[in-house]
Amino acid sequence: MSDEVIGVLSCPECAEELVRAAPGTHWCAECEWNLGHYEPVVPRHGSRGKLRLAQRLRAWERRAAFRLNQRSFRELSQAQPTKPVWTRARGVLVLTSIALFTGTLELLWLGCELVRTFPALSFLLGVLLLGLGFELLPRLPRRPTAYAELTRDEAPALHAIVDAVAERLGARPVDVLTIDPDFNASCGRLGWRRRRVLTLGLPLWAALSPPARLALIGHEIGHLVNGDPGRAIITQPALTTFARLARIANPHRSTFRYNSRSQLTLLDRMAERLVRLLLAPLFYLALLLQSILAWVGSRDSQRAEYLADSIAAELAGSAGALELMTTILRSDEVRVAVRRAARVSADPADWRAAAERASSTESVKLRRLEQHSIREDVLLWMSHPPNGLRLRMLRAWFGAAVQPPTLTIDPERWHAADAELSSYYRRVAKALQNG
Ligand SMILES: [Zn+2]
Ligand SMILES: [Zn+2]
């Protein structure tokens with residue numbers, strides 16, 4: 001983070017000193033005056049007068065996204081989100097999905113018909129349409145290449161904890177539990193069999209206290225029961241088809257593969273330019289439609305994210321949820337602390353101690369990190385709200401009140417779960433040392 005305090009400028013609202021993220025607009029760290037004000041970035045070189053359209057659009061987009069984020073925050077901080085309802089956005093995504101899927105099937109049918117005209121030349125067009133149709137058919141998210149899959153025999157205590165969370169949330173138990181060396185966690189239904197896969201990144205897992213670990217599993221499994229449009233099979237065509245079309249039609253990809261561009265003849269270059277010219281409108285149109293649909297889905301996705309946070313807080317208690325969110329917001333510092341600890345020890349207790357030291361510094365810094373996230377993590381089609389707002393949302397819901405957890409796990413079981421993972425902690429420690 002490269003914020004700086006600008007001593008000479010003071011806030012018109014409260015007279016405190018202003019800060020800014022370079023390059024960017026000044027804002028007041030005290031009363032947050034101007035936090036959502038974005039100026040187009042003026043290029044250092046070239047003509048300063050000619051602001052490129054893209055930069056203007058980017059500034060406009062950030063202002064709009066900031067305002068939308070604030071609006072969702074205001075609405076949901078008054079009343080915690082409840083189980084999903086049929087929103088207008090969801091309706092749009094489902095109808096678009098049906099239309100796109102039908103369109104793709106028609107494309108394939110037309111392709112088949114044209115292929116049958118062989119040996120007429122229209123046969124070639126048929127082959128092209130078939131190729132395009134297959135490429136546009138919806139695909140389900142695949143399972144990531146797992147670092148390690150933990151069977152129930154290998155990790156009975158950890159599986160028992162995850163099962164207890166699923167049972168409490170009214171979700172079916174996860175089918176596959178995997179771990180990886182990332183500072184992250186995820187959960188989703190993958191493949192045609194829609195198997196529930198939960199992945200825990202060991203550096204994040206080790207950095208958390210037991211209640212925060214419960215909040216983490218609660219948040220992830222909460223996504224299986226909270227109606228997130230990004231995870232529903234019925235909205236997949238709307239959210240992915242145009243992105244695939246844009247990838248196919250990308251005119252910036254070289255159509256002609258040669259070892260060196262100097263081998264291109266004049267005719268090749270002209271043909272390439274022609275192909276690019278023909279593809280460009282299709283590419284930009286696909287990109288625009290993809291952005292619009294992602295924007296339509298993003299508000300529901302953000303709501304689903306807050307709902308998963310609310311589910312996590314109800315399960316693990318407000319303290320666990322707040323610790324989890326604070327750790328995620330401070331991930332830069334905590335990640336470094338865990339990596340350092342992993343250099344000398346593969347004991348998760350040491351990693352946790354290092355993480356705790358890294359995230360226990362003064363509240364002024366935390367507030368600045370919140371502001372930075374609220375200001376910078378803004379895109380109209382972002383599926384996650386800024387982490388700074390997620391932390392503030394938890395505070396808005398609970399205030400000074402401490403909500404007790406509705407699920408607690410015996411300390412012995414946590415120890416057993418860590419002991420089951422000991423060989424993986426050593427493996428991840430080695431990966432962190434080398435990485
Ligand atoms: Zn101020
Ligand atoms: Zn989430």
Side-chain angles (χ1 to χ4, degrees), residues 61 64-105 136-142 166 169-172 186-197 218-246 285-314 377-386 389-390 393 397:
E61 185 218 329
F66 184 91
R67 275 200 299 272
L68 279 172
N69 285 349
Q70 294 293 323
R71 200 167 73 191
S72 319
F73 180 81
R74 272 196 305 276
E75 278 167 19
L76 296 173
S77 60
Q78 305 292 322
Q80 284 190 35
T82 46
K83 283 281 156 68
V85 279
W86 266 86
T87 61
R88 224 179 308 164
R90 198 174 175 80
V92 169
L93 292 184
V94 169
L95 287 178
T96 312
S97 288
I98 293 169
L100 282 172
F101 187 55
T102 319
T104 309
L105 290 183
L136 293 182
L137 271 179
R139 282 173 187 69
L140 292 169
R142 291 252 197 88
L169 298 184
R172 291 222 323 261
S186 62
C187 189
R189 291 197 196 101
L190 306 181
W192 284 108
R193 288 163 66 197
R194 311 303 283 148
R195 302 219 302 163
R196 298 160 157 78
V197 181
H219 176 98
E220 293 306 332
I221 293 184
H223 273 302
L224 298 177
V225 294
N226 72 352
D228 191 335
R231 289 160 201 252
I233 196 164
I234 188 88
T235 50
Q236 281 309 303
L239 293 172
T240 60
T241 306
F242 286 116
R244 249 177 285 133
L245 188 61
L285 182 67
L287 214 59
L288 178 71
L289 291 170
Q290 170 64 26
S291 309
I292 292 173
L293 288 168
W295 167 62
V296 168
S298 71
R299 294 301 119 186
D300 275 9
S301 292
Q302 292 209 3
R303 189 178 176 281
E305 208 58 50
Y306 284 127
L307 179 54
D309 284 343
S310 158
I311 291 170
E314 199 188 315
D377 301 340
V378 283
L379 277 177
L380 273 183
W381 45 83
M382 205 137 168
S383 61
H384 279 58
L389 275 184
R390 287 172 65 191
M393 188 68 90
W397 288 337

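What you are looking at is a predicted structure, and each value in this text was computed from that prediction instead of being measured.
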Minimal non-hydrogen separation, Thr241 against Pro237, with atom names
OG1-O, 2.6 Å

Say you draw a straight line from CG of Leu95 to CD1 of Ile234; how long is it, rounded to the nearest 0.5 Å?
9.5 Å

If every non-hydrogen atom of Leu224 is compared with every non-hydrogen atom of Arg189, which pair is closest and at what distance?
O-NH2, 3.0 Å

After noting the C-alpha distance and the side-chain angles of Arg390 and Asp309, does the key distance pass the salt bridge (Lys or Arg N to Asp or Glu O under 4.0 Å) rule?
CA-CA 8 Å; Arg390 287 172 65 191; Asp309 284 343; 2.8 Å; yes

Whether the side chain of Ser77 engages the backbone of Met393 through a donor-acceptor N/O pair (distance < 3.5 Å, no angle test) should be reported.
no

With distance as the sole test, does Gln290 use its side chain to make a donor-acceptor pair with the main-chain N or O of Leu239 at under 3.5 Å?
yes

Residues Ala171 and Ile221: closest non-hydrogen pair is CB-CG2, 3.8 Å

Between Thr96 and Ala238, is there a donor-acceptor pair closer than 3.5 Å when you use the side chain of the first and the backbone of the second?
no

How long is the straight-line distance from OG1 of Thr240 back to CG of Leu137, given to the nearest 0.5 Å?
10.5 Å

For Arg172 and Arg196, the nearest pair of non-hydrogen atoms, with its separation, is NH2-NH1, 3.2 Å

Is there a donor-acceptor contact under 3.5 Å from the side chain of Thr102 to the main chain of Ile98?
yes

Looking only at non-hydrogen atoms, find the nearest pair between Trp397 and Leu76 and report the distance.
NE1-O, 2.9 Å

Quick one: CG on Leu100 to CG on Leu245, what's the gap to the nearest 0.5 Å?
9.5 Å

Spatial distance of atom CZ (Arg71) from atom CZ (Arg299) [nearest 0.5 Å]:
8.5 Å

Mind listing the closest non-hydrogen atom pair of Val378 and Ala65 along with its distance?
CB-CB, 4.0 Å

Taking atom CD of Glu220 as the centre, does the number of heavy atoms from other residues, nucleotides or ligands within less than 6.0 Å exceed 12?
yes

Under a 4.5 Å cut-off applied to non-hydrogen side-chain atoms, are Leu287 and Phe242 in contact?
no

Let me confirm one number: the OG1-CZ distance from Thr82 to Arg303, rounded to the nearest 0.5 Å.
5.5 Å

Using side-chain heavy atoms (C-beta onward) and a distance below 4.5 Å, is His219 in contact with His223?
yes

Hydrogens and angles aside, do Ser72 and Gln302 bring a side-chain donor and acceptor to less than 3.5 Å of each other?
no

Any chance the side chains of Asn69 and Arg74 put a donor and an acceptor closer than 3.5 Å?
no

